[in-house]
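So you know, we letter chains A, B, ... as the sequences are listed, proteins then strands, and number each from 1. This is a predicted model, so every value here is computed, not measured.
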Protein chains: 2
Amino acid sequence: MSKRKNAEKYYRIIKAATKIFAKKGFYQAKISEIAREADVADGTIYIYFENKDDILICLFEEQMKAVLDNMVSEISQEDDPAKKLERFALAHLKLIENNKSMAEIIQVEVRQSSKFMKEYKNEKFTQYLDLIADIIRQGQEKGVFKKEVIPGVAKRAFFGALDEMSRFWVLSSRKHYDINTAARQISEYFLKGIAG
Amino acid sequence: MSKRKNAEKYYRIIKAATKIFAKKGFYQAKISEIAREADVADGTIYIYFENKDDILICLFEEQMKAVLDNMVSEISQEDDPAKKLERFALAHLKLIENNKSMAEIIQVEVRQSSKFMKEYKNEKFTQYLDLIADIIRQGQEKGVFKKEVIPGVAKRAFFGALDEMSRFWVLSSRKHYDINTAARQISEYFLKGIAG
DNA sequence: CTCTAATGAATGGCTATTCATTCACGGCAG
DNA sequence: CTGCCGTGAATGAATAGCCATTCATTAGAG
């Protein structure tokens, strides 16, 4: 409802919050700072959001919607499950690279216990992980992936590998490995293994 | 210095803080709660620790020291690099299982931006990751792992896979997969790949 | 007695949130 | 055309509650 007021301002606040949360962390970020960054009054924020937590939740939902759509369209461009995984890896890392602030928030803040990931059931994130599980199941049906692989475990292993790589990028200022190299390495390990 | 006062009390506070931080999260946890849990007065905590942040740092350092030692001894019991990795995976997941509270703090709190992982250079964690890199290098020297694998990327991929699996366990109450199965699956993917 | 550890009530600083007030705009009557 | 309202958005100073940290005081060991 309140969101209807002025969409431009709503997004301006989201954008400002993304920046401040990423820089200071959720609890260190002051509403007044976000307000200043968004160039609105402190009170204005409460016209668009219920409270500080709500800003974080909206911000996350808003971004995940875009991320999810983007990834769906990315992987639909490949037919081969192995290729799909490789593309997932590359797209994921690129996304992180192009949205450092957002990535930092997801990496660090949204994993904050109580409010997020625990009482707040994170459906969008689950859906994102399930894109991987689906690819794996397809591969198994086509007979190109081992049947003993458990999609529920493998999806986490694959995502975790990518995620740890991005944490490294996000938290350390300089980037040590080329994004294409990293994506190829990771999907290669996952598909063929490091032994041989 | 202050730690010399009464080691038993020091550890009692660490233990209490571990429990409270895990339950409420760092910022939500009150000193008075930790004090109550440790059965000391609020002020007593400031005899043993500089401030709230210091509790978290000490707690982390203290635990990582133990974790690191334990893992070193675990992997030294195998000779084959592939077996070492498998043992790493199992030991890591077991550790998480046996120290849910600690795991939760590492998972969620220690990744908090500013104070931790950024200005506080986390040496112990780096060393932990480097155990994996060393195993991989050994394997490459022995000719059992592919030479094109980049240890710096692979260590993160492997750790990330395990870590995501534990996040799942830590954050969801019920555990879906057996720990041995998960450890075997993950090291299997990493060594042989899912394709085939 | 002395000296140190322990206590916990009081302090002080901080900031999320509120709300009385201002402002801007568009419709409407005269 | 003009001036007057009514409405709801925006403002930001003031509030209110929280909680880390301090420190004057007490307790206890030797």
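- The six-membered or imidazole ring of A:Y48 lies away from that of A:Y11, with a centre-to-centre distance of 6.0 Å or more.
- Rounded to an integer number of Å, the gap from B:R36 CZ to C:dA6 P is 20 Å.
- In this view, A:F190 and A:F158, B:Y189 satisfy the ring pair (Phe, Tyr, Trp, His ring centres under 6.0 Å) rule, not counting sequence neighbours.
- With contacts defined as side-chain heavy-atom distances shorter than 4.5 Å, the pair B:D163/A:R167 qualifies.
- Atom-to-atom, NZ of A:K9 to C1' of D:dA9 comes out at 8 Å; the value is rounded to the nearest Å.
- Looking at residues two or more places apart in sequence or on another chain, you find no ring pair (Phe, Tyr, Trp, His ring centres under 6.0 Å) involving B:Y46.
- A:Y177 pairs by the ring pair (Phe, Tyr, Trp, His ring centres under 6.0 Å) definition with nothing, not counting sequence neighbours.
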- prompt: Could you write nucleotides 9-18 of chain C as a row of B, S and -, 5' to 3', where a protein heavy atom under 4.0 Å of any base atom gives B, of only sugar-phosphate atoms gives S, and otherwise -?
  reply: ------SSBB
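- In terms of the side chain to side chain contact (heavy atoms under 4.5 Å, CB included) criterion, residue partners of B:R36 (sequence neighbours excluded) are, by chain and number, B:E33.
- Note: CD (A:E8) to P (D:dA10) measures 10 Å, nearest angstrom.
- The pair B:D79-B:K142 meets the salt-bridge criterion, with a side-chain N (NZ, NE, NH1 or NH2) lying under 4.0 Å from an Asp/Glu carboxylate O.
- Across the helix from C:dC1-D:dG30 to C:dG30-D:dC1, the helix axis at one end is tilted relative to the axis at the other end by 10° (nearest 10 degrees, each axis from five pairs).
- As rounded to whole Å, 12 Å separates atom C1' of C:dT7 from atom OH of B:Y48.
- Between B:I34 atom CD1 and D:dC19 atom P there is a gap of 12 Å when expressed in whole angstrom units.
- For A:Q140 against A:P151, the heavy-atom pair with the smallest separation is OE1-CG, 3.7 Å.
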